[in-house]
Amino acid sequence: MMMGMKGRNGCYYLSVMLVYGVFFLHCLVMTSFAGNVTYDHRALVIDGKRRVLISGSIHYPRSTPDMWPDLIQKSKDGGLDVIETYVFWNIHEPVRNKYDFEGRNDLINFVKLVGKAGLYAHIRIGPYVCAEWNYGGFPLWLHFIPGIEFRTDNEPFKAEMKRFTAKIVDMIKQENLYASQGGPVILSQIENEYGNGGIESSYGPRAKPYVNWAASMATSLDTGVPWVMCQQPDAPPPIINTCNGFYCDQFKTNSDKTPKMWTENWTGWFLSFGGAVPYRPVEDIAFAVARFFQRGGTFQNYYMYHGGTNFGRTTGGPFIATSYDYDAPLDEYGLIRQPKWGHLKDLHKAIKLCEAAMVATDPTITSLGSNTEASVYKTGSQCAAFLANFGTQSDASVSFNGNSYHLPPWSVSILPDCKNVALNTAKINSVSTISKFVTHSSEADASGGSLSGWTSINEPAGISSDNALTKTGLMEQINTTADKSDYLWYSLSVNVKNDEPFLQDGSETALHVESLGHVLHTFVNGKLSGSGKGNSGNSKVSIEIPVTLVPGKNKIDLLSVTVGLQNYGAFFDLKGAGITGPVQLKGFKNGSTIDLSSKQWTYQVGLKGEESGLSNGGSSLWKSQSALPTNQPLIWYKANFDAPAGDTPLSMDFTGMGKGEAWVNGQSIGRFWPTYSAPNGGCTGSCNYRGSYNSNKCLKNCGKPSQLLYHVPRSWLKSSGNVLVLFEEMGGNPTKLSFATREIQSVCSRVSEAHPLPIDMWDLEDDARKKAGPTLSLECPHPDKVISSIKFASFGTPQGTCGSFSHGRCRSNHALSVVKKACIGSKRCNLGVSINVFGDPCIGVTKSLAVEASCT
Ligand code: GAL
């Protein structure tokens with residue numbers, strides 16, 4: 001018998017039933033999502049069915065196209081239904097009316113890959129996107145359109161916004177990618193958080209007309225799928241207002257006709273140069289997600305599921321770091337982060353077990369006592385329940401439907417049948433891993449990756465280009481550079497008469513400079529005399545440094561540097577940068593000061609090396625010297641290297657360098673700044689997941705460089721003859737650079753007698769479940785590796801976390817031998833966490849099994 005049928009997500013299968021009753025399923029065409037997408041007060045409705053959807057953000061330009069299929073597959077394996085991305089106007093239209101959708105900018109290919117994997121897509125067009133992206137995603141030319149005012153009821157702005165939005169919608173339509181055309185795109189977003197934190201009100205009476213215009217402009221584009229606005233309480237119908245934040249369970253939709261949707265659940269936070277590394281414990285994320293679904297939510301998106309890298313000069317800011325790791329379930333390099341990825345995957349399975357009940361009805365929410373709450377989704381034969389303890393201190397024992405349930409603080413238990421616990425958000429069954437970047441010495445080694453053939457070119461201090469311009473007074477930087485470069489030189493000469501006292505008595509003069517930011521280097525007579533920098537909280541620079549002046553002409557060259565343009569806040573586009581003054585020389589005759597602010601200055605946008613295209617390494621000016629000049633400012637370096645062996649993600653350790661930008665085979669891997677360290681205070685050894693999270697709650701890496709490791713995408717490398725180019729602003733030693741690859745040191749798990757069974761055992765019959773009991777599963781993450789040694793095993797009351805487990809007072813004597821026997825030599829092993837397996841070392845105490853293993 002042969003027949004065609006439509007599989008999940010509409011994939012067309014040809015099923016061939018053989019005489020022996022075996023089915024062969026083969027997907028004939030690219031996944032087709034025949035889909036009419038609408039919504040009602042409960043959920044998005046796809047093909048007539050309400051859906052509970054789990055989504056995750058992956059921004060396509062923050063990884064390379066060769067990484068996309070793997071990132072998307074790992075998202076699918078992690079239980080996502082939807083991939084959400086912003087669209088970044090500035091990379092697509094760098095010059096007005098000149099479009100770029102190639103390589104990392106290939107939005108359409110990205111969406112197609114999402115569809116091919118059988119996932120849906122949510123396209124957040126913005127076109128203002130925030131996103132820690134340069135200028136919030138706006139191209140700089142937009143700023144120079146006469147009469148333009150961003151994000152308000154302004155005709156020139158609206159015309160451009162509409163043109164770009166329509167262009168993207170058209171491209172998606174042309175490729176039949178909207179669900180209404182059989183494609184994967186089920187949603188789009190217009191604007192971004194305009195209604196958030198007083199932004200809308202800052203724009204006064206013209207704000208609301210703008211919101212209404214944006215809404216009707218979007219709907220007029222006829223995508224056939226719904227539009228959302230996030231954090232927009234006044235979003236007009238049919239636009240859905242959605243929530244962004246660390247928690248959205250308390251979110252109320254602005255209409256009883258729209259579903260409760262969460263477009264940004266921040267899985268961590270972004271890193272700034274000069275800041276510590278934020279992280280968010282998975283128990284808290286899982287709690288937040290479960291609470292959201294408990295209280296009626298049906299669409300939830302992780303921002304970010306994969307954060308990736310801010311290559312080139314794409315970071316916003318100011319001061320956003322090059323890494324956009326975000327502590328996401330997939331790390332910057334696309335590697336699975338455990339236990340985050342695994343625990344959320346289990347959570348998604350538990351939620352999906354409840355989907356039928358959840359979409360059938362609204363929840364009935366009741367209090368179970370102090371800080372505890374039950375939600376029940378029940379209709380006919382369907383029943384699913386969520387039991388929460390939102391207290392931060394104590395365990396709760398609650399009675400529900402005649403049974404008793406134990407709820408750790410800040411946790412939710414999910415009961416897909418209103419009886420058995422499939423998952424508790426604070427009890428992790430997933431493995432965790434410890435991994436480390438291991439540097440490969442830059443000395444020649446057999447595995448490649450050694451940097452050799454160093455050459456350099458000095459970048460002149462001050463004006464070197466014919467394109468310099470002269471003007472009276474100090475000019476704002478962004479208006480002057482149009483962000484063509486991070487760098488702007490402000491130069492002039494000062495004549496010093498012979499009779500100045502400091503020339504005779506050795507007293508000092510001082511140079512005082514005030515700048516809007518972000519970084520300033522001052523050169524007097526060609527020598528670096530001082531530097532200053534702002535920080536992510538305050539980008540302004542104010543310096544007063546001693547300088548040595550000579551009789552006659554003194555050259556003063558101020559290099560003002562931007563580190564990503566502002567991306568957030570009302571009127572962020574007008575924030576400005578550069579030296580605004582005063583610029584003064586202090587310590588002249590009779591204590592007088594010379595104010596240089598309104599003198600005639602000469603300006604140069606960018607560096608000579610930028611103008612002559614040194615970044616791809618091709619110039620005849622590269623000089624090799626017997627001793628490579630190091631620790632000097634304003635210098636370009638070049639080296640060659642063979643690709644380090646293997647195909648695992650690669651990173652470069654920038655220890656020894658100061659600040660600048662790096663290119664591999666002409667492609668910018670981003671700004672480096674390993675000398676900007678996080679403050680000493682504010683980090684916690686281990687972060688308590690109980691209680692409300694905020695972006696400062698869990699920080700690590702205090703007192704250390706914010707970012708030492710920089711991603712070098714494998715796809716940018718050839719096997720040999722690669723070229724590395726660096727521009728160093730302040731001084732560094734490039735021979736200290738080394739490549740690093742990540743190696744997994746340990747795989748751990750810790751499961752207690754009170755843990756629910758692994759979610760994969762949910763389908764077992766009651767008897768089999770009882771027999772199995774809580775189970776610890778250990779698995780080597782690499783497909784070709786097996787468990788080779790057990791570094792630690794303890795059944796009883798073990799202490800600590802993966803990498804630092806220790807035995808507690810109570811311990812079984814058999815743990816190590818039992819675990820070794822079950823696991824060594826296997827890729828995966830399962831151990832019953834039970835006194836039947838290990839004996840009972842302490843009667844009446846809840847015991848755990850903790851294991852740390854290594855895989856080779
Ligand atoms: C949100 C914004 C995102 C991103 C995030 C922080 O407010 O919508 O684009 O900037 O904050 O990572």
Side-chain angles (χ1 to χ4, degrees), residues 456-475 477 485-515 519-533 541-561 578-579 581-589 591-611 621 623 625 629-636 658-660 727-732:
S456 65
I457 298 178
N458 288 336
E459 173 70 31
I463 309 298
S464 56
S465 156
D466 303 337
N467 297 328
L469 59 119
T470 297
K471 237 196 132 235
T472 302
L474 294 162
M475 288 183 3
Q477 182 156 353
S485 165
D486 282 358
Y487 302 100
L488 179 63
W489 283 108
Y490 294 67
S491 298
L492 52 61
S493 292
V494 180
N495 261 312
V496 173
K497 294 209 184 96
N498 260 331
D499 62 347
E500 285 298 340
F502 55 81
L503 294 174
Q504 272 89 50
D505 64 9
S507 63
E508 278 185 340
T509 29
L511 174 65
H512 176 87
V513 185
E514 304 238 348
S515 160
V519 170
L520 176 68
H521 303 299
T522 61
F523 294 80
V524 174
N525 295 324
K527 286 223 156 54
L528 181 65
S529 53
S531 296
K533 58 181 188 285
V541 186
S542 171
I543 57 170
E544 185 151 315
I545 41 159
V547 292
T548 310
L549 299 178
V550 295
K553 198 171 141 189
N554 288 270
K555 221 169 128 263
I556 300 200
D557 299 300
L558 309 177
L559 182 60
S560 180
V561 190
I579 301 165
V583 179
Q584 296 166 327
L585 278 172
K586 295 181 171 173
F588 282 80
K589 242 197 228 154
S592 70
T593 289
I594 299 185
D595 198 314
L596 307 173
S597 315
S598 44
K599 298 260 186 272
Q600 199 175 63
W601 290 85
T602 304
Y603 293 88
Q604 177 182 310
V605 174
L607 307 169
K608 185 172 186 196
E610 289 179 303
E611 195 177 60
L621 300 172
K623 250 194 340 204
Q625 296 170 60
T630 58
N631 300 315
Q632 78 173 50
L634 303 183
I635 180 163
W636 295 80
K659 178 186 182 297
F727 174 64
E728 171 59 61
E729 272 165 52
M730 329 206 298

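Keep in mind that the numbers below use all heavy atoms, side chains included, and drop hydrogens, waters and symmetry copies. All residue numbers in this chain count up from 1 along the given sequence.
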For this session: Go through the steps for V547 and F502 under the test side chain to side chain contact (heavy atoms under 4.5 Å, CB included), then give the verdict.
Result: CA-CA 11 Å; V547 292; F502 55 81; over 6 Å; no

Problem set entry | Full working for side chain to side chain contact (heavy atoms under 4.5 Å, CB included) between K608 and I457 | CA-CA 11 Å; K608 185 172 186 196; I457 298 178; over 6 Å; no

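Of the possible polar contacts, none joining the S598 side chain to the G473 backbone as a donor-acceptor pair under 3.5 Å is found. Of the possible polar contacts, one joining the N525 side chain to the K555 backbone as a donor-acceptor pair under 3.5 Å is found. Of the possible donor and acceptor atoms, none in the side chain of Q604 sits under 3.5 Å from a partner among the backbone N and O of W489. A donor-acceptor distance shorter than 3.5 angstrom exists from the side chain of S529 to the backbone of T522, with no hydrogens or angles considered.
Under the rule for a ring-ring contact (aromatic ring centres under 6.0 Å, His included), the partners of W636 that lie at least two apart in sequence or sit in another chain are W663, F727. T470 is linked by a side chain to side chain donor-acceptor pair (under 3.5 Å) to T602, counting only residues two or more places apart in sequence or in another chain. Scored by the side chain to side chain donor-acceptor pair (under 3.5 Å) test, S507 finds D505 as partners (sequence neighbours excluded). Scored by the side chain to side chain donor-acceptor pair (under 3.5 Å) test, S560 finds Q477 as partners (sequence neighbours excluded). E544 pairs by the side chain to side chain donor-acceptor pair (under 3.5 Å) definition with H512, K586, not counting sequence neighbours.
Side-chain atoms of L585 and I556, non-hydrogen and from C-beta on, do get closer than 4.5 Å to each other. Proximity of V561 to K659: side-chain heavy atoms (C-beta onward) are separated by under 4.5 Å at one or more points. Side-chain contact check for L520 versus Y490: every heavy-atom pair is 4.5 Å or farther apart. Taking 4.5 Å as the limit, some side-chain heavy atom of V583 sits within range of a side-chain heavy atom of W601. In this structure, L558 and L511 have side chains that are in contact, with non-hydrogen atoms separated by less than 4.5 Å. Using a 4.5 Å cut-off on side-chain heavy atoms (C-beta onward), E611 and N467 make contact. Side-chain contact check for V541 versus V519: every heavy-atom pair is 4.5 Å or farther apart. With contacts defined as side-chain heavy-atom distances shorter than 4.5 Å, the pair L559/L634 qualifies.
Once rounded to the nearest 0.5 Å, the distance linking CG of L488 with CE of M475 reads 7.0 Å. The structure places CG of L596 at 9.0 Å from CG of L474, a figure rounded to the nearest 0.5 Å.
Between the side chains of Q584 and T593, not a single donor N or O lies within less than 3.5 Å of an accepting N or O.
For the pair I543 and S531, the tightest heavy-atom approach, listed with the atom from each and the gap, is CG2-O, 4.0 Å.
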When the side chains of residues 491-498 are checked against the rest of the protein, which donor-acceptor pairs come out under 3.5 Å, sequence neighbours left out?
from	atom 1	to	atom 2	distance (Å)
S491	OG	D557	OD1	2.7
N495	OD1	K553	N	3.4

